[in-house]
There are 2 protein chains.
Amino acid sequence: MSANSRLTIAAHALTWIGLYQRRGHEVATSEQIATSANTNPVVIRRLLGELRKAGLADSRRGAGAGWMLVRDLAEITLLDVYQAIEPGPVFALHPATPDPECVVGHGIGPAMSAVYDKVEAALRRELARTTLEDVLRDILKAA
Amino acid sequence: MSANSRLTIAAHALTWIGLYQRRGHEVATSEQIATSANTNPVVIRRLLGELRKAGLADSRRGAGAGWMLVRDLAEITLLDVYQAIEPGPVFALHPATPDPECVVGHGIGPAMSAVYDKVEAALRRELARTTLEDVLRDILKAA
DNA sequence: CCCTGTTGTAACAGTAATCGTTACGATGAC
DNA sequence: GTCATCGTAACGATTACTGTTACAACAGGG
């Protein structure tokens, strides 16, 4: 599977805005963020648009436009970001319904679903343990 | 992301073989398993081929050919199956290297990697808690 | 020795998601 | 009115998964 970097880029964008604002600027442009993340401004705008819907970021239009945080970095967990970009489930059941006449075919869906739910819960629990403030601290410590 | 059902199908195949063998048969054919999983025999053979490399299954060729388990269902965890089919990482870093001149661009890779490692570890820990015997028990209990 | 059923594997099409890119209208401070 | 930026549609390239067809390799039974 071509692993997806959406969470990485989204965290990058928010962290960048947070640091930029702490240095006294009001808003950050998608152009600036894209330069730091080495991607295209549209990719940043698309992602920040989803983060805005989730209440994590906001934007101003017109001249002097750009992006800002709604909450402080310390109050945004990676789980918040993960849920904002609504990734599909990590695992899927059968593409086509298995044979219901077969014991295994009939019962394996619910059985695997229960496991997958627990796995996703563990994944979310782990993402919730890190805030963007933690990420920024790591970044500045390494610099 | 188009979630992938490889783990589901692999677990289905192994569980099916396990139950079939307990009922007194020596080997199961990819055709039989494919019928239960409602997919194509080649899909099953491809997956079982990977599971054989990992030492979880084996096959016989020629007439009276088919697939069998190498270990008992109770000694195969979903983590074993997961690792056997070698899924790519759940999360990826930036597709293109971020700007190393930027503090955030320079430090965010290692910071996110550390988090992703912990998340994957949690995911694996959770998968390791369930054996195919557990899955089969759930299936038979629901029937 | 031939027949037969099954595995092993290559090859290809269809689907879907991500990523990058171009293009252009909408907005709002100056 | 100008201009920088957002908002968003549209397209192509890439990648992975899934299903399918095709066929050679194999090995047991007659």
Side-chain angles (χ1 to χ4, degrees), chain A residues 1-10 12-13 17 20 25-53 57-68 82 85-98, chain B residues 1-10 12-13 17 20 25-53 57-68 82 85-98:
Chain A
M1 174 187 332
S2 69
N4 98 39
S5 62
R6 287 159 56 83
L7 181 55
T8 300
I9 304 292
H12 187 142
I17 298 172
Y20 196 60
H25 303 87
E26 282 204 11
V27 299
T29 69
S30 59
E31 174 78 34
Q32 295 171 312
I33 302 167
T35 298
S36 169
N38 194 7
T39 182
N40 191 289
V42 175
V43 172
I44 300 297
R45 292 205 288 271
R46 276 198 294 234
L47 273 173
L48 284 176
E50 299 183 53
L51 297 173
R52 180 178 43 209
K53 278 187 216 154
D58 203 359
S59 63
R60 280 205 312 234
R61 305 185 64 171
W67 297 85
M68 68 207 82
Y82 181 74
I85 60 183
E86 291 194 56
V90 176
F91 299 107
L93 295 183
H94 308 67
T97 309
Chain B
M1 177 189 326
S2 68
N4 99 39
S5 62
R6 287 159 56 82
L7 181 54
T8 300
I9 303 292
H12 187 142
I17 298 172
Y20 197 61
H25 303 87
E26 281 205 13
V27 299
T29 69
S30 59
E31 174 79 33
Q32 295 171 312
I33 302 167
T35 297
S36 169
N38 194 7
T39 183
N40 191 290
V42 174
V43 172
I44 300 296
R45 292 205 288 270
R46 277 198 294 233
L47 273 172
L48 285 176
E50 298 183 53
L51 297 173
R52 178 178 43 208
K53 278 187 217 156
D58 204 359
S59 64
R60 281 206 311 234
R61 307 185 63 169
W67 297 86
M68 66 208 82
Y82 182 73
I85 60 183
E86 292 194 56
V90 176
F91 300 107
L93 294 184
H94 307 68
T97 310

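Note on naming: letters A, B, ... go to the chains in the order of the sequence lines (proteins, then strands), and numbering restarts at 1 for each one.
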Looking at T8(A), is its backbone amide N or carbonyl O close enough to the side chain of S5(A) to form a donor-acceptor pair, meaning the two atoms are under 3.5 Å apart? no
Do side-chain atoms of R6(A) reach the backbone of I85(A) as a donor and acceptor pair under 3.5 angstrom?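 A pair under 3.5 Å: yes.
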Do E31(A) and T35(A) make a side-chain contact, defined as non-hydrogen atoms from C-beta onward lying under 4.5 Å apart? yes
To the nearest angstrom, how far is [X] atom [atom1] from [N] atom [atom2]?
| X | N | atom1 | atom2 | answer |
| --- | --- | --- | --- | --- |
| N38(B) | dT18(D) | CG | P | 14 Å |
| N4(A) | dC17(D) | CG | C1' | 15 Å |
| E86(A) | dT18(C) | CD | C1' | 16 Å |
| I17(A) | dT5(D) | CD1 | C1' | 14 Å |
| L47(B) | dT9(C) | CG | P | 14 Å |
| E31(B) | dT7(C) | CD | C1' | 12 Å |
| K53(B) | dT9(C) | NZ | P | 8 Å |
| M68(A) | dT5(D) | CE | C1' | 12 Å |

Judged by each residue's nearest nucleotide on DNA chain C, which is more toward the 5′ side, P95(B) or G66(B)?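 Here G66(B) is the residue nearer the 5' end.
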Look at the side chain of [X] and decide which nucleotide, out of [options], has an atom nearest to it.
| X | options | answer |
| --- | --- | --- |
| T29(A) | dT6(C), dA27(D), dT5(D) | dT5(D) |
| W67(B) | dT18(D), dT7(C), dC19(C) | dT7(C) |
| R46(A) | dT6(C), dA10(D), dG19(D) | dA10(D) |
| R6(A) | dT18(C), dT8(D), dT7(C) | dT18(C) |

Applying ring pair (Phe, Tyr, Trp, His ring centres under 6.0 Å) as the test, list every pair that has at least one member in residues 25-51 of chain B; sequence neighbours left out.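 Checked against ring pair (Phe, Tyr, Trp, His ring centres under 6.0 Å) - neighbours excluded - the pairs reaching residues 25-51 of chain B are Y20(B)-H25(B).
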Would one find a side-chain N or O of S5(A) under 4.0 angstrom from OP1 or OP2 of dC19(C)? yes
Residue-phosphate contact under 4.0 Å: R60(A) side-chain N/O, dA29(C) OP1/OP2: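 It does not, given that no N or O in the side chain of R60(A) lies less than 4.0 Å from OP1 or OP2 of dA29(C).
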Measure the spacing between CG of N40(B) and CZ of R46(B) and express it to the nearest 0.5 Å. 8.0 Å
Point-to-point distance, once rounded to the nearest 0.5 Å, from CH2 of W67(A) to CD1 of I17(A): 8.0 Å
Test item: side-chain donor near acceptor, S36(A) and H12(A), under 3.5 Å: yes
Between A63(A) and S59(A), just flag the one whose closest nucleotide in DNA chain D comes earlier from the 5' side.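 The answer here is A63(A).
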What are the atom names and distances for every N/O pair under 3.5 Å that joins the protein to nucleotides 21-25 of chain D?
from, atom 1, to, atom 2, distance (Å)
dA25(D), N3, R61(B), NH2, 3.2

